[in-house]
Chemist: 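My structure is below; once you've seen it, I'll send some questions.
When a residue number appears, it is its place in the shown sequence, counting from 1.
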Amino acid sequence: MTHQERTSKIRKEITESYKALKSKYPLLKYQNAIGLSIFLLCVGLSLLMGYLWYIDVVPAWSLIVVNAFLFGVLHELEHDLIHYMYFKGNKAIHNVMLFSVWILRPLTLNPWFRRTLHLHHHRFSGTYMISKKEELPMVKNGH
């Protein structure tokens with residue numbers, strides 16, 4: 001079996017299992033709303049924590065710990081956006097969310113550029129086309 005055939009088979013199995021999961025859990029048909037809610041909740045809580053720190057209600061260490069968690073969640077949301085898991089049919093909202101996560105984490109690569117690298121990583125990881133030495137610097141930043 002060629003790499004292309006294996007990849008096609010894996011992609012088909014993932015799609016089928018995802019459809020089965022969505023039929024088993026009807027809540028997942030609201031995936032866009034769930035993703036947007038997670039995004040807004042993380043941004044809102046981060047802003048609230050910043051304000052509470054500013055008015056001296058919470059100590060700096062708690063702001064750091066809570067924001068580390070929230071920005072970790074936003075990183076995972078960005079990863080899902082890179083895979084077009086939210087708002088695939090609405091490019092405006094999709095791109096606003098990608099842009100917002102990028103601005104909130106300014107030391108990261110442009111997510112549209114990271115998408116190209118990341119999807120290349122998925123396409124060729126473990127094949128003769130890409131070695132581990134080439135792959136690791138490309139997929140830094142958690143994935």
Chemist: Once rounded to the nearest 0.5 Å, what's the spacing between atom CD of E16 and atom CD1 of I14?
Modeler: 11.0 Å

Chemist: Does anything in residues 40-64 form a side chain to side chain donor-acceptor pair (under 3.5 Å)? List the pairs, not counting sequence neighbours.
Modeler: S46-N67

Chemist: Assess the pair H83 and H79: is the distance between their ring centroids shorter than 6.0 Å?
Modeler: yes

Chemist: Residues two or more places apart in sequence or in another chain: which of them pass side-chain hydrogen bond (donor to acceptor under 3.5 Å, both in side chains) with N95?
Modeler: W112

Chemist: In this structure, would L104 and F99 fall into the same cluster of hydrophobic residues linked by side-chain contacts under 4.5 Å?
Modeler: yes

Chemist: Between M49 and F69, is there a shared hydrophobic cluster once you connect ILVMFWY residues whose side-chain heavy atoms come closer than 4.5 Å?
Modeler: yes

Chemist: Could you tell me whether the side chain of R115 reaches within less than 4.5 Å of the side chain of L98, counting heavy atoms only?
Modeler: yes

Chemist: Considering non-hydrogen atoms only, spot the tightest contact between P111 and E78 and give its length.
Modeler: CB-OE2, 3.3 Å

Chemist: Side chains of L36 and Y86, heavy atoms from C-beta outward: is any pair under 4.5 Å?
Modeler: no

Chemist: Kindly write out the residues that satisfy side-chain contact (heavy atoms from CB on, under 4.5 Å) with K24, not counting sequence neighbours, or none if the list is empty.
Modeler: none

Chemist: Using links of under 4.5 Å between side-chain heavy atoms of ILVMFWY residues, direct or through other members, which residues join I64 in one cluster?
Modeler: none

Chemist: Would a single hydrophobic cluster contain both L47 and L70, if residues Ile, Leu, Val, Met, Phe, Trp and Tyr are joined by side-chain heavy-atom contacts under 4.5 Å?
Modeler: yes

Chemist: Is it true that W102 and L109 fall in one hydrophobic cluster, defined by side-chain heavy atoms closer than 4.5 Å?
Modeler: no

Chemist: So do the side chains of V73 and I38 get within less than 4.5 Å of each other, counting heavy atoms only?
Modeler: yes

Chemist: Could you pull out every donor-acceptor pair under 3.5 Å between side chains of residues 26-34 and any protein atom, sequence neighbours left out?
Modeler:
from	atom 1	to	atom 2	distance (Å)
Q31	OE1	Y18	OH	2.0
Q31	NE2	M85	O	2.7
N32	OD1	F87	N	2.7

Chemist: Heavy atoms only: give me the nearest H94-L81 pair and the separation to one decimal.
Modeler: CE1-O, 3.0 Å

Chemist: Of L40, D80, L77, L74, which meets side-chain contact (heavy atoms from CB on, under 4.5 Å) against M97?
Modeler: L77

Chemist: Output the distance between atom OG (S8) and atom CD (E13), rounded to the nearest 0.5 Å.
Modeler: 10.0 Å

Chemist: Do V66 and L48 belong together in a cluster built from hydrophobic side chains that touch within less than 4.5 Å?
Modeler: yes

Chemist: Could you identify which residues cluster with Y84, counting Ile, Leu, Val, Met, Phe, Trp and Tyr as linked when any side-chain heavy atoms lie under 4.5 Å apart, either directly or through a chain of such contacts?
Modeler: none

